[in-house]
Amino acid sequence: MSQLFVIDPIARLRPTKDSSVALMQAAQRAGQQVWVCTPADLAARGGEAEVFAQPVLLADIRPTASGWDLPEPWFEVGEPRWLPLTAFPRVWMRKDPPVDEAYLYATHLLELAERQGVRVLNRPSALRAWNEKLSSLRWSHLMAPTLVASRVEALAAFTAEHREVVLKPLGGRAGQGVVFASAATPGLRALLELVTGQEQLPVMVQAFLPGVSAGDKRILLVDGEPLGAVNRVPSGGEFRSNLAVGGSPEVTELSGAERAICAELAPALQAEGLFFVGIDVIDGRLSEINVTSPTGVREVERLAGIPLADQTMERLLRS
């Protein structure tokens with residue numbers, strides 16, 4: 001059996017950080033042959049989806065007390081070839097955002113294969129429908145007070161009401177472009193004009209949660225069940241806790257409130273084919289639902305000693 005991973009070019013991945021590498025290794029350990037491609041390698045001949053893919057053999061990357069034991073080279077690739085996508089019973093769509101035209105067209109090509117019996121993770125229609133900021137509004141009662149709008153007047157009024165806020169671009173990732181502001185911020189309206197592109201693009205504004213100083217918890221759900229979590233603590237002078245902007249990971253456990261959030265989300269995630277999802281929770285409040293290429297597997301594996309990638313693959317292969 002083979003699994004295909006649609007990813008960014010493999011040489012660009014950070015093997016000790018990237019959840020895609022962890023999942024590929026788990027597939028290999030489970031006896032699956034791993035193949036890789038980029039979205040540009042997807043095609044359709046008539047109604048048949050095809051891919052220009054190459055097999056990959058991954059080295060054993062093991063956690064250590066201080067980090068990871070990383071062999072060099074950590075992967076070897078075989079010759080690429082054209083294959084029908086139906087050659088792969090399971091295909092992972094793990095291309096990092098942005099969710100641009102190329103990304104959306106790739107989901108349509110993967111949907112052709114899905115109609116022919118291929119299981120795509122996550123489901124292409126859900127990847128299109130679940131914006132990682134807006135999708136959380138389905139459970140707005142679990143979130144901090146939130147407004148999504150383009151109009152500066154509405155955003156300014158929300159900021160005046162809540163005094164301290166966070167502005168988030170709807171297409172952002174890894175904390176990029178997230179800005180703290182307050183009612184007292186000099187030039188606030190100019191800032192709002194900038195982030196909305198002169199009122200042409202909606203942005204999300206949320207009441208600032210001071211509890212973020214204690215961390216932003218990434219919880220990884222597999223088929224709706226939380227299998228592991230990592231707490232990400234902001235570095236000094238920074239309110240963003242994303243690991244990509246300098247946040248520090250630490251071991252954590254789920255509270256009863258966090259488990260309740262997961263249980264409330266689970267039926268919708270399962271119904272819409274969102275098999276592997278990462279949600280962000282700050283001070284007991286839902287922040288985001290990450291469906292494109294959620295990270296955190298490596299940190300859970302190293303800090304908590306949970307073989308999360310292997311558990312994920314076990315559940316996939318028996319489902």
Discussion item. Would you say that Met1 contacts Leu317 through its side chain, given a criterion of any heavy-atom pair below 4.5 Å between the two side chains?
Written reply: no
Worksheet entry | Lys217 (side chain) donor-acceptor with Ile279 (main chain) under 3.5 angstrom | no
Worksheet item: Is Pro294 close to Phe276 at the side-chain level, that is, under 4.5 Å between some pair of heavy atoms?
Response: yes
Discussion item. Here's one to test your reading of the geometry: is the NZ or CZ of Arg119 within 45 degrees of the ring axis of Phe275 and under 6.0 Å from its centre?
Written reply: yes
Practice prompt. Ignoring hydrogens and angles, tell me if any N or O in the side chain of Asn122 forms a donor-acceptor pair with the backbone of Val291 under 3.5 Å.
Written response: yes
Practice prompt. Count the heavy atoms of every other residue, nucleotide or ligand shown that sit under 6.0 Å from CD of Glu264, and state whether that count exceeds 12.
Written response: yes
Fill in: Side-chain (Glu48) to main-chain (Pro84) donor-acceptor, under 3.5 angstrom
no
Worksheet item: Could you state the interatomic distance from CG (Leu220) to OG1 (Thr295), rounded to the nearest 0.5 Å?
Response: 7.5 Å
Item to complete: Could you tell me whether the side chain of Gln206 reaches within less than 4.5 Å of the side chain of Arg285, counting heavy atoms only?
Response: no
Worksheet item: Would you find more than 12 non-hydrogen atoms of other residues, nucleotides or ligands less than 6.0 Å from Arg62 atom CZ?
Response: no
Practice prompt. Could you tell me which non-hydrogen atom of Thr196 sits nearest to which non-hydrogen atom of Ser150, and how far apart they are?
Written response: CG2-O, 3.5 Å
Discussion item. Check for me whether Arg123 meets the cation-pi criterion with Trp130, that is, NZ or CZ under 6.0 Å from the six-membered ring centre and within 45 degrees of the ring axis.
Written reply: no
Worksheet item: Closest heavy-atom contact between Arg90 and Gln32?
Response: NH1-OE1, 4.4 Å
Item to complete: State, with a plain yes or no, whether a side-chain heavy atom of Ser293 is found less than 4.5 Å away from one of Arg94.
Response: yes
Practice prompt. Give the minimum heavy-atom separation between Val152 and Arg189, together with the two atoms involved.
Written response: CG1-NH1, 3.9 Å
Item to complete: Give a yes or no on whether Tyr105 atom OH has more than 12 heavy-atom contacts from other residues, nucleotides or ligands under 6.0 Å away.
Response: no
Item to complete: Test Ser140 against Thr146 for side chain to side chain contact (heavy atoms under 4.5 Å, CB included), laying out the working first.
Response: CA-CA 8 Å; Ser140 60; Thr146 301; over 6 Å; no
Worksheet item: Leu191 and Val179: which non-hydrogen atoms are nearest, and at how many Å?
Response: CD2-CG1, 4.1 Å
Practice prompt. Take His162 and Val205, measure what side chain to side chain contact (heavy atoms under 4.5 Å, CB included) needs, and give me the verdict at the end.
Written response: CA-CA 10 Å; His162 294 283; Val205 58; over 6 Å; no
Worksheet item: Do Leu127 and Tyr103 touch side chain to side chain, with heavy atoms closer than 4.5 Å?
Response: yes
Worksheet entry | Beyond-backbone contact of Gln54 with Asp41, side-chain heavy atoms, under 4.5 angstrom | no
Worksheet entry | Salt bridge flag under 4.0 Å for residues Lys95 and Asp8 | yes
Response to the item:
Connected to Leu194, directly or through other members, by ILVMFWY side-chain contacts below 4.5 Å are none
Item to complete: Could you tell me whether a side-chain N or O of Gln270 sits under 3.5 Å from a main-chain N or O of Asp223, the two making a donor and an acceptor?
Response: yes
Discussion item. Same cluster or not: Val148 versus Leu142, using hydrophobic residues (I, L, V, M, F, W, Y) connected whenever any side-chain heavy atoms lie under 4.5 Å apart?
Written reply: yes
Worksheet item: Can you check whether Glu132 reaches Thr292 side chain to side chain, under 4.5 Å on heavy atoms?
Response: yes
Fill in: Under 3.5 Å donor-acceptor, Ser2 side chain and Phe88 backbone
no
Discussion item. Main chain of Leu192, side chain of Glu199: is a donor-acceptor contact present, judged purely on distance under 3.5 Å?
Written reply: no
Worksheet entry | Heavy atoms from other residues, nucleotides or ligands near CZ of Arg29 exceed 12 (cutoff 6.0 Å) | yes
Worksheet item: When clusters are formed by joining ILVMFWY residues with side-chain heavy atoms under 4.5 Å apart, either directly or through shared neighbours, do Phe208 and Val281 land in the same one?
Response: no
Discussion item. With a 4.0 Å cut-off on N to O distance, would you call Glu299 and Arg232 a salt bridge?
Written reply: no
Discussion item. With a 6.0 Å cut-off (strictly less than), is the heavy-atom count around CD of Glu79, excluding the residue itself, greater than 12?
Written reply: no
Discussion item. Determine whether a donor-acceptor pair (N or O, by modelled atom type, separation under 3.5 Å) exists between the side chain of Glu258 and the backbone of Ser255.
Written reply: yes
Item to complete: Would you please test Gln3 and Val34 for side chain to side chain contact (heavy atoms under 4.5 Å, CB included) and show each step?
Response: CA-CA 5 Å; Gln3 291 187 33; Val34 175; 5.6 Å; no
Worksheet, complete the sentence: In short, Gly211 meets Ile282 closest at the heavy-atom pair C-CG2, 4.4 Å
Fill in: Test side chain to side chain contact (heavy atoms under 4.5 Å, CB included) applied to Arg81 and Trp35, step by step
CA-CA 11 Å; Arg81 69 187 82 163; Trp35 292 66; 3.6 Å; yes
Worksheet item: Short question: side chain of Ser287, backbone of Asp280 - any donor-acceptor pair under 3.5 Å?
Response: no
Item to complete: Verify whether one side chain among Glu164 and Ser182 offers a donor that lies under 3.5 Å from an acceptor in the other.
Response: no
Worksheet item: Can you find a pair of side-chain heavy atoms, one from Trp139 and one from Leu265, that are under 4.5 Å apart?
Response: yes
Worksheet item: Which atom names give the shortest non-hydrogen contact between Val233 and Ala214, and what distance separates them?
Response: CG2-O, 4.0 Å
Item to complete: Kindly say whether Asp60 contributes a backbone atom to a donor-acceptor pair with the side chain of Asp69 at under 3.5 angstrom?
Response: no
Discussion item. Hydrophobic clusters here meaning ILVMFWY residues chained together by side-chain heavy-atom distances under 4.5 Å, can you tell me if Leu221 and Met313 are in one?
Written reply: no
Fill in: Candidates Asn131, Leu170, Val165, Val178 - the one meeting side chain to side chain contact (heavy atoms under 4.5 Å, CB included) with Met204
Leu170
Worksheet entry | Single-linkage hydrophobic cluster, 4.5 Å side-chain cutoff, Met143 and Phe158 together | no
Discussion item. Is there a continuous path of hydrophobic side-chain contacts, each under 4.5 Å between heavy atoms, that joins Val222 to Phe5?
Written reply: yes
